[in-house]
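Just below is one structure, and these are the notes that go with it.
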Amino acid sequence: MNLYPLDAVEEDQPIQETDYPSPRPPEPPRSRRRQAPEPPQRRSGGGLSKLALAVSVLALALAGIALFRTLEPKEAEEPPAPPEPVTFQFGDRTMTPLEGMPLNPYDREAFFLDDRGRVAYEKGGKAGVDVSTYQKEVDWPAVAADGIDFAILRLGYRGYTEGGLFLDQTFEQNLRGALDAGLEVGVYFFSQAVTPEEAREEARYILDAVEGYEIAYPIAFDWEPIAPGNDARTDGLDNDVLTQCASAFCEEIRSAGYTPAVYFNQSLGYLHYDLRELDEYVLWLAEYDTKPDFYYHFDLWQYTHTGQVAGIEGNVDLNLDLR
């Protein structure tokens, strides 16, 4: 609400002459006065400014500490110790595995003795024998009826002194008898080769002997060292040459359409052969036990030389085909 009325505006009036004394001139209209409002009271902001300053200082301090820690040189950490090399034991020897050689894939806990007292494998396998003239005359139908699936027959051998090639005396009758009894048949040759060419000669000798027969199981190269003191021609044969002999034999057999194999015990497998050069062939291990400990891959396992089978007089080698 206005405190003062609006100023009246006077219009010019005409001058009139009169004897009356001039009236007192009217007082000029009072102009409206407005009082200037008092400036508002300013509230003090000193507390907020100090708080903001303190927060800023704290933030700068924390940033400085973080930067210092980032730039602070760190103590050199010791590199991790290299892993222990993989080794295994063979007798009193500590062996280093052959790089690239497949390892034994079989489950040791899956081997057991069946009701005949023979080693069997829960995950499969066939039972077999290997024989030579030392088993004399064999009743093959009785062998087949006693749970045997295959037979590997010694075809012949090379003499360890003069080096001649000889046919096993019972090979032909064993071959016919095992096949007639329905067994799957393979053969092996006791080698004393000292060169790859001699090994190929042995392979060709075998191929001539089995021509016309069904050989479903492998044809094996069985090279064995002769006991010291017998003047064997193979004494001191270089390991690389031995491996080359086995490979040459197997290639000759494979080129004729048969399955080649290499027979060896643990000593030959660990200390003489380079099994990496032979892994493409069937590997036939001789290790006499109820569970195989051999470190590397193998296919056939001769697990005893004192087996008992109906139709065979005396002891005989027993085998498992784990392929």
Side-chain angles (χ1 to χ4, degrees), residues 128-135 138 150-179 183-227 230 232-235 237 241-265 267-269 272-273 275 277-278 280-286 298-302 305 316-317 319 321:
V129 295
D130 63 89
V131 302
S132 68
T133 190
Y134 298 110
Q135 275 70 47
V138 176
F150 67 91
I152 303 179
L153 317 174
R154 188 176 79 159
L155 185 144
Y157 59 95
R158 184 188 286 274
Y160 62 80
T161 54
E162 73 282 6
L165 301 181
F166 302 93
L167 191 70
D168 186 285
Q169 295 175 1
T170 58
F171 169 68
E172 292 181 346
Q173 71 183 58
N174 281 335
L175 178 60
R176 290 192 296 268
L179 289 173
L183 297 177
E184 295 182 279
V185 173
V187 303
Y188 73 94
F189 190 87
F190 184 86
S191 173
Q192 288 292 285
V194 294
T195 66
E197 180 51 43
E198 283 194 352
R200 283 189 283 268
E201 179 187 21
E202 293 170 357
R204 291 190 291 268
Y205 182 87
I206 293 168
L207 294 173
D208 288 341
V210 300
E211 186 175 2
Y213 292 97
E214 182 180 357
I215 306 299
Y217 256 64
I219 296 177
F221 179 77
D222 172 19
W223 190 99
E224 299 180 31
I226 303 302
N230 286 282
R233 63 201 300 272
T234 51
D235 287 347
L237 184 65
V241 174
L242 175 59
T243 301
Q244 293 167 16
C245 288
S247 182
F249 177 97
C250 289
E251 283 303 303
E252 195 77 19
I253 295 299
R254 184 160 64 179
S255 67
Y258 297 94
T259 300
V262 180
Y263 171 89
F264 57 91
N265 61 13
S267 179
L268 281 169
H272 297 276
Y273 280 127
L275 294 179
E277 300 297 321
L278 306 174
E280 60 186 296
Y281 314 120
V282 171
L283 297 181
W284 182 10
L285 170 69
F298 59 93
D299 304 285
L300 302 178
W301 177 30
Q302 184 188 83
H305 64 292
V316 65
D317 298 337
N319 300 268
D321 181 356

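Throughout, residue positions are numbered sequentially from 1 according to the sequence presented.
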Looking at [atom1] of [X] and [atom2] of [Y], how far apart are the two atoms once the value is rounded to the nearest 0.5 Å?
| X | Y | atom1 | atom2 | answer |
| --- | --- | --- | --- | --- |
| Phe190 | Glu202 | CZ | CD | 10.0 Å |
| Leu167 | Tyr205 | CG | OH | 4.5 Å |
| His272 | Leu242 | NE2 | CG | 8.0 Å |

Is the number of heavy atoms from other residues, nucleotides or ligands within 6.0 Å of CD (Glu214) greater than 12? no
OH (Tyr134) with more than 12 external heavy atoms under 6.0 Å: no
Donor-acceptor contact below 3.5 Å, side chain [X] vs main chain [Y]:
| X | Y | answer |
| --- | --- | --- |
| Gln192 | Glu224 | yes |
| Asn265 | Ser267 | yes |
| Trp223 | Ala193 | yes |
| Asp299 | Leu283 | yes |
| Thr234 | Leu237 | no |

Going by salt bridge (charged side-chain N to carboxylate O under 4.0 Å, His left out), name the residues that satisfy it together with [X], two or more places apart in sequence or in a different chain.
| X | answer |
| --- | --- |
| Asp317 | none |
| Glu280 | Arg254 |
| Asp222 | none |

Using the rule given for side chain to side chain contact (heavy atoms under 4.5 Å, CB included), can you reason through Leu183 versus Val129, listing the C-alpha separation, both sets of side-chain angles and the distance that settles it, and then say yes or no? CA-CA 10 Å; Leu183 297 177; Val129 295; 5.8 Å; no
Which heavy atom of Ala209 sits nearest a heavy atom of Leu155, and at what distance? CB-CD1, 3.7 Å
Of all the heavy-atom pairs spanning Ser191 and Phe221, show the shortest one and how long it is. OG-CE1, 3.2 Å
Could you check whether Tyr263 and Asp130, counting side-chain N and O atoms only, form a donor-acceptor pair closer than 3.5 Å? no
Assess whether side chain to side chain contact (heavy atoms under 4.5 Å, CB included) is satisfied between Phe264 and Leu278, documenting all intermediate values. CA-CA 12 Å; Phe264 57 91; Leu278 306 174; over 6 Å; no
